[in-house]
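For clarity, every value in this text was computed on a predicted model and none was experimentally measured. In what follows, chains carry the letters A, B, and so on, assigned in the order in which the sequence lines appear, proteins first and then strands, with residues in each chain numbered from 1.
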Amino acid sequence: MTVITESVLQAAPVTKTRGYWGTVGRRILRDKVSLICACVLIAIFLSALFAPWLGLADPYQGSMIRRLRPIGTPNYPLGSDELGRDMLARLIYGGRLSLIIGILPVVFAFMIGTVLGIVAGYVGGKLNTAIMRTVDVFFAFPSVLLAIAISGALGAGIVNSIVSLTIVFVPQITRVAESVTTGVRNMDFVDAARASGAGALTIMRVHILGNVLGPIFVYSTGLISVSMILAAGLSFLGLGTKPPEPEWGLMLNTLRTAIYVNPWVAALPGVMIFAVSICFNLLSDGLRSAMDIRE
Amino acid sequence: MTKLVEVENLNVRFTGERTVHAINGVSFSLGEGEVLGLLGESGSGKSVTLRALMRLLPKKRTVINGSIRVAGRDVLALDDDELSMFRGATVSMIFQEPALALDPVYTIGQQISEAVIRHEGKSQREATARALEMLEVVRIPSAKRRLDAYPHEMSGGMRQRAMIALALACKPKILLADEPTTALDATVQIQILLLLRELQREFGMSVIFVTHDIGVAIEICDRVAVMYAGQIVETGTLRQIVRSPLHPYPRGLLASTTHGAKRGQRLETIPGTPPSLDKAPTGCSFAPRCALAEARCTEALPPAIDVGDGRMARCVLAERIQPASV
């Protein structure tokens with residue numbers, strides 16, 4: 001008997017211990033699509049971050065005689081815009097603002113929405129009704145319309161567009177958080193935690209949050225692309241960034257008049273928005289499958 | 001002998017769209033170091049009784065009457081903070097499905113140490129040491145590495161051991177076991193039962209063991225309470241109930257096991273189905289299915305008849321039937 005148990009002990013496959021995020025990271029690296037998307041995003045991030053040190057032309061310096069140069073012109077690798085400013089420099093500098101107003105609202109909404117959703121889902125009852133019905137009010141408006149309305153009311157500006165986009169996203173994240181929380185709330189391990197003496201706060205902070213963070217996180221990553229497009233839309237309408245500040249949505253707006261003259265250059269800011277959005281979407285998809293380590 | 005758990009005339013009602021009288025006048029007690037089995041089919045109120053003991057039932061939709069005293073304290077009067085300290089430290093619970101009762105996103109070590117830190121205010125290091133010690137106590141092989149394992153990386157039997165380690169981490173006086181072996185296959189079942197029995201002796205705990213499996217009850221229990229439709233219909237020592245049940249329900253249950261059956265013959269069954277619990281019972285709940293039912297069975301609730309030796313049966317027939325000498 002002892003011999004048998006000993007050999008069983010030896011044979012028992014014990015998985016090499018890795019943290020949760022270690023496992024997720026390893027699985028992301030194995031997924032080619034996610035890996036490429038992550039690399040593209042990192043490249044765009046880094047170039048935006050280190051733009052002043054990249055030896056680029058001045059993104060504000062225009063030239064009346066060199067307007068709307070096509071892609072590939074010497075000194076203008078990606079052409080120039082309607083005021084003769086270097087497109088490459090403007091696209092890279094534009095990434096700074098575009099990424100900030102694409103990501104920050106989602107980050108804020110993620111924090112607010114997660115808390116609201118978990119509390120609503122776990123406590124339930126009247127509090128749930130109060131929170132979720134308030135959230136429903138915001139759902140009555142299409143998100144574009146809501147963002148325009150709030151931005152319009154607050155006035156144009158970067159801070160105001162971040163605020164308005166946060167308000168647009170909080171209800172969506174709250175709803176997702178609430179629905180996953182109600183799914184987790186009745187699981188046995190929540191009962192088990194209560195049976196071992198955990199209070200409501202501990203259960204929400206440790207057991208609920210740990211189990212709902214993944215789905216909410218993935219959903220929020222998907223929202224970044226929406227946020228970038230909405231932010232671009234706000235700038236396009238003149239509610240976001242003000243010229244001459246480089247920002248992709250605003251650039252798309254001002255270059256729109258040149259679409260028949262030089263369509264390739266005019267399309268470039270749109271290409272950037274598209275590339276970043278789709279990378280975030282594919283990455284969130286990859287993250288979803290990588291985070292489900294129980295598969 | 002001091003009684004660790006004393007439950008008197010416990011009534012649990014679930015309110016809402018439909019009222020369910022889940023527990024109707026349950027009384028029992030549990031001595032120190034004793035293993036009490038709650039035996040009954042599904043829906044008979046075993047788990048509800050267990051959860052009522054820890055006040056785990058949803059507050060808003062449950063009405064609890066009666067008295068529950070555990071270790072000299074009135075459980076129904078505890079406030080939230082006292083309840084937190086009571087759960088896990090005085091009374092602890094293990095669940096039917098260990099795959100669901102362990103949090104999937106934390107390692108076993110984290111889950112055990114979390115409970116230890118909460119109840120005993122130990123440092124992370126001490127708590128981890130305790131977790132390791134507990135995993136060794138429940139005989140998990142290569143315990144040190146299992147500390148960092150997630151529940152999904154373990155087998156069913158191993159998970160149940162981890163669950164037991166978690167439940168015992170703060171050295172509770174009473175362990176409530178809610179069908180802990182039902183989700184496991186037969187060979188693992190017996191290992192877990194033996195382990196529980198051993199730990200119960202080692203720690204000097206009292207255990208309330210809920211099961212629908214008489215075979216399991218025989219392995220582990222000292223005393224058995226048979227439940228039917230939210231009532232305890234018979235209590236006695238394991239031997240008394242298995243050898244000479246008084247109440248027709250446990251008799252029917254025992255007759256319907258494969259134990260004494262002949263090959264090729266149909267098993268004896270109890271006809272009918274358990275009653276709905278929409279109304280509080282006014283007569284014997286088992287009467288409609290009982291072959292020996294009389295008119296007075298449905299007229300009034302049969303009294304709990306004490307037949308001596310700490311034995312009780314809630315049946316009018318118990319007045320006549322003298323317990324067969326054991």
Can you confirm whether [X] is buried at [atom1], in the sense that more than 12 heavy atoms of other residues, nucleotides or ligands lie under 6.0 Å from that atom?
{"X": "B/Phe14", "atom1": "CZ", "result": "yes"}
{"X": "B/Arg61", "atom1": "CZ", "result": "no"}
{"X": "A/Arg133", "atom1": "CZ", "result": "yes"}
{"X": "B/Lys173", "atom1": "NZ", "result": "no"}
{"X": "A/Phe217", "atom1": "CZ", "result": "no"}

Report task. May I ask you to name which of A/Gly210, A/Gly125, A/Ala193, A/Ala195 has the most heavy-atom pairs under 4.5 Å with chain B? Result ->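 Winner by heavy-atom pair count: A/Ala195.
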
Query raised in the report: Between A/Ala200 and chain B, which part of the residue has a heavy atom less than 4.5 Å away: side chain, backbone, both or neither?
Result: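 A/Ala200 has no heavy atom closer than 4.5 Å to chain B.
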
Query - Proximity breakdown for A/Val190 and chain B, heavy-atom pairs closer than 4.5 Å - result: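 Neither part.
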
Requested in this report: Could you tell me which non-hydrogen atom of A/Asn211 sits nearest to which non-hydrogen atom of B/Pro104, and how far apart they are?
Outcome: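 Minimum heavy-atom separation between A/Asn211 and B/Pro104: OD1-CG, 3.2 Å.
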
Using non-hydrogen atoms only, which part of [X] is less than 4.5 Å away from chain A: side chain, backbone, both, or neither?
{"X": "B/Met163", "value": "side chain"}
{"X": "B/Asp103", "value": "both"}
{"X": "B/Leu102", "value": "backbone"}

Query raised in the report: Just checking, any donor-acceptor pair under 3.5 angstrom between side chains of A/His207 and B/Glu114?
Result: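 A pair is found: one side chain offers a donor N or O, the other an acceptor, under 3.5 Å apart.
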
Query raised in the report: Taking non-hydrogen atoms and a cut-off under 4.5 angstrom, which of residues 82-95 of chain B neighbour chain A?
Result: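 B/Ser84, B/Arg87, B/Gly88, B/Val91, B/Met93, B/Phe95, listed by number.
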
Report task. Please determine, among B/Met154, B/Glu97, B/Gln96, B/Met54, the option with the most heavy-atom pairs under 4.5 Å with chain A. Result ->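 Top option by heavy-atom pairs under 4.5 Å: B/Met54.
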
Query raised in the report: Tell me, do A/Ser196 and B/Arg118 make a side-chain contact under 4.5 Å, heavy atoms counted?
Result: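 Side-chain contact under 4.5 Å: yes.
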
Query raised in the report: Do the side chains of A/Asp191 and B/Arg51 get nearer than 4.5 Å, heavy atoms only?
Result: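 Of all side-chain heavy-atom pairs linking A/Asp191 with B/Arg51, at least one is under 4.5 Å.
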
Report task. To the nearest 0.5 angstrom, please state how far the CG atom of B/Leu100 sits from the CG atom of A/Asn186. Result ->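 Going from the CG atom of B/Leu100 to the CG atom of A/Asn186 covers 12.0 Å.
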
